[in-house]
Amino acid sequence: MLKIIFHSFFLLFLAIPAVWAAPPEDDSNAADVNRNLQGQVNSVSQFSDVQPTDWAFAALQSLVERYGCIAGYPNSTYRGNRALTRYEFAAGLNACLDRINELIAISTSDLVNKQDLAVLQKLQSDFAAELTTLRGRVDILEAHTATLEAQQFSTTTRLNAQIITAISDTFGDRVGGEDDESNLYFANRGRLNFESSFTGKDLLRVRLEFGNFANPTNGTSQIAAATGTGMTRLNFDYDSNETLFVPHIRYYFPVSDSLNFVIGPTGIGYTDISTTVTPPTIADDGNGVPSLFGSYSPLFRRGGAGAAANWNITKDLVLTLGYLATSPNVPSPSNGLFDGGYNALAHLAYYGKQGAIGVAYSHGYSPAGVIELSAGTGSVLSNAPFGNNIATSNDIVGTQGYYRFSPNFQVHAWGGYIWANAENSGLSNISNGRGGTDSLFVNNGDNANAWFGAIGMSFPDVGGRGNLPGILFGIPPHISNSDVRQDRNNAYHIEAFYRYRLNDNISVTPGFWMILNPENDSRNDTQYMGVLRTTFDF
């Protein structure tokens, strides 16, 4: 008997998708279903929105008046045209089963009679076409879903974005000048990283960027232009030209548990193919050291487009080999993938439980007009020791590492040495350390040497979870020996910052640093740099 009643009830459910009342659209669990219903009704006429002309009126009337297992909304409506959820089905089924159990318990004599069976047979006959159509629609929907899953661009695509705003100013006379030419200014930079995976193990990143830190006419740093030295630059004040553009495309994919590759047609740097071997977030533009020089070793500030391989020799020992061309998308002479500027990296890094250490070697070539030996972190002379008119090759060795003494105290350091060689002869404008240049003759084969280094201490979670105070002392790149011209003195970089974490998505970082002997020349006035950075990560 119970089997027959349940079968009848199930067919009614298939035939009438909205037999039971439902909660509002935003409710999502069974508790909400019960909470929003008004309780059992005794007659179908109690529903203000159910009419005798409705196609399901008879079935609804039978369930209400014969079995007593239908409820409505507090406003006396039934809302029969709404789609049925799994929660609603469970609530309605439970109500009817409870009612049937009650009827069985009291041994109702006319629980099932010939009239009920006749109604059941009529329902089966009346709704046979609808049930067939419904099955066909489900089959089509499943086919469409399979097609979408097979043809979709990626199974996992997410937005990883960072917006940086900063109020900044410098104090001190411009290099070679007698006035402070900088003013308090407010600027921003935004990066929208769209990260997709095709296999679940690989990663394609396409970045959109915008900002207004750079000079819109020539793309140079506003701060460097005002102070006369790149030693005052922020870590995030470059690659911004007030327009939305795509500066970076990177694809990572593993071929085995111990070997993976990285390729990119634009905007790939050493930091995208290897690691700077600094503590977490120290090298991050928006959450780490605010200054350009203090963030990580200048050795890693070079790139373009190309490919690299990372080989896990052991679980803790990784070797990176990479080649990046400066302008591979330009087919003209002295450009292209192998005929123009390039940088090649070999980096061996060891990772321990409390820290890591790495040894890196970089070889590069820069054609005339695009010389950036120290990536703007040192003096103008260290950036172009033979001037910007002489093609220059370079070899750099560096070591970098960090050690965490406790959860709240860590030390990191890095240093390097540069060998530069002139690749052609001629007159060239060479920086004089005072904001100007002198025209000097350079011979093919002339060489120059530079070195740099820094040590920093930081204190994770001091003052609150997610906070990061820190200090850093360093010597920016300077020419210590040269066949053409060397820097007069050493510059000294002294920095302090405090990242205050407001929540998981917002941090505020006041930072301050001073540059003694800017441009490696004691004749220049000391530069004082202050910044209030706010970072939004989402």
Side-chain angles (χ1 to χ4, degrees), residues 153 157-170 181-196 203-227 230 232-251 263-272 283-288 290-292 295 301-306 324-332 335-337 340-341 343 366-367 369-372 375-377 383 388 505-506 509 531-538:
F153 173 72
T157 299
R158 64 179 183 178
L159 171 64
N160 182 6
Q162 184 179 81
I163 307 296
I164 299 173
T165 64
I167 300 174
S168 184
D169 198 1
T170 62
E181 298 183 10
S182 67
N183 292 301
L184 181 70
Y185 75 103
F186 177 62
N188 68 85
R189 190 201 72 181
R191 285 180 172 176
L192 309 178
N193 295 313
F194 294 91
E195 299 179 341
S196 304
L203 184 68
L204 171 66
R205 178 193 296 142
V206 178
R207 174 179 297 161
L208 300 180
E209 184 170 318
F210 60 90
N212 59 356
F213 277 101
N215 189 313
T217 58
N218 55 24
T220 60
S221 165
Q222 302 272 29
I223 296 176
T227 61
T232 56
R233 287 186 58 183
L234 295 162
N235 186 27
F236 43 86
D237 71 351
Y238 59 97
D239 287 341
S240 301
N241 60 359
E242 295 186 313
T243 58
L244 185 66
F245 67 113
V246 182
H248 170 89
I249 300 176
R250 174 186 182 268
Y251 181 55
I263 59 174
T266 185
I268 300 297
Y270 280 0
T271 57
D272 296 304
D284 184 83
D285 291 357
N287 294 286
S291 70
L292 182 69
S295 297
R301 291 193 179 277
R302 52 206 73 239
L324 304 177
T326 304
S327 52
N329 60 318
V330 181
S332 60
N335 284 290
L337 190 60
N343 291 282
S366 301
V370 287
I371 314 298
E372 287 188 325
T377 61
N383 205 51
N388 204 37
N505 303 103
I506 305 174
T509 308
V531 62
L532 181 63
R533 177 186 67 195
T534 303
T535 304
F536 304 87
D537 292 290
F538 56 94

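As a basis for the values below, the full set of heavy atoms in this structure was taken, side chains included, without hydrogen atoms, waters or symmetry mates. In this text, all values refer to a predicted model and were calculated from it rather than measured experimentally.
When all heavy atoms are compared, the tightest approach of Pro367 to Gly341 is CD-CA, 3.6 Å. Heavy-atom minimum distance, Ala305 versus Pro328: CB-CG, 3.5 Å. Of all heavy-atom pairs spanning Leu292 and Gly376, the tightest one is CD2-O, 4.1 Å.
Checked by atom type, the side-chain pair Arg205/Asn193 shows no donor-acceptor distance below 3.5 Å. For Asp537 and Asn160, the side-chain atoms include no donor-acceptor pair closer than 3.5 Å.
With Asp169 contributing its side chain and Tyr185 its backbone, the two residues share no donor-acceptor pair below 3.5 Å. Looking only at distances, no side-chain donor or acceptor of Arg158 sits under 3.5 Å from a matching main-chain atom of Ser196. Under the 3.5 Å distance criterion, the side-chain polar atoms of His248 are left unmatched by any main-chain donor or acceptor of Arg207. No donor-acceptor pair closer than 3.5 Å links the side chain of Ser366 to the backbone N or O of Ile371. Remark: the backbone N or O of Gln222 is not paired with any side-chain donor or acceptor of Arg233 at under 3.5 angstrom.
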Candidate pair Asn212 and Asn188, rule side-chain contact (heavy atoms from CB on, under 4.5 Å), full reasoning: CA-CA 6 Å; Asn212 59 356; Asn188 68 85; 3.4 Å; yes

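By the 4.5 Å heavy-atom criterion applied to side chains, Pro290 and Thr509 are counted as neighbours. Counting heavy atoms from C-beta on, the side chains of Phe213 and Leu234 come closer than 4.5 Å. With contacts defined as side-chain heavy-atom distances shorter than 4.5 Å, the pair Ile163/Thr535 does not qualify. At least one side-chain heavy atom of Val206 sits under 4.5 Å from a side-chain heavy atom of Val246. Side-chain contact check for Asp284 versus Phe236: every heavy-atom pair is 4.5 Å or farther apart. Between Ile167 and Leu184, the closest side-chain pair of non-hydrogen atoms falls below 4.5 Å. Under the 4.5 Å side-chain criterion, counting only non-hydrogen atoms from C-beta, Phe536 is not in contact with Gln162. Side-chain contact check for Asp285 versus Ile164: some heavy-atom pair is nearer than 4.5 Å.
Here Arg189 contributes atom CZ and Thr165 contributes atom OG1; the two are 11.5 Å apart, rounded to the nearest 0.5 Å.
Applying the side-chain hydrogen bond (donor to acceptor under 3.5 Å, both in side chains) criterion to Glu372, with sequence neighbours excluded, gives no partner residue. Residues satisfying the side chain to side chain contact (heavy atoms under 4.5 Å, CB included) criterion with Thr266, sequence neighbours excluded, are Ile249. With sequence neighbours excluded, the residues satisfying side-chain hydrogen bond (donor to acceptor under 3.5 Å, both in side chains) with Thr232 are Thr227. Under the rule for a side chain to side chain contact (heavy atoms under 4.5 Å, CB included), the partners of Phe194 that lie at least two apart in sequence or sit in another chain are Leu159, Leu192, Leu208. Scanning for side-chain hydrogen bond (donor to acceptor under 3.5 Å, both in side chains) contacts around Ser295 gives Asn235, with sequence neighbours left out. Residues that satisfy the side-chain hydrogen bond (donor to acceptor under 3.5 Å, both in side chains) test with Arg302, not counting sequence neighbours, are absent from this structure.
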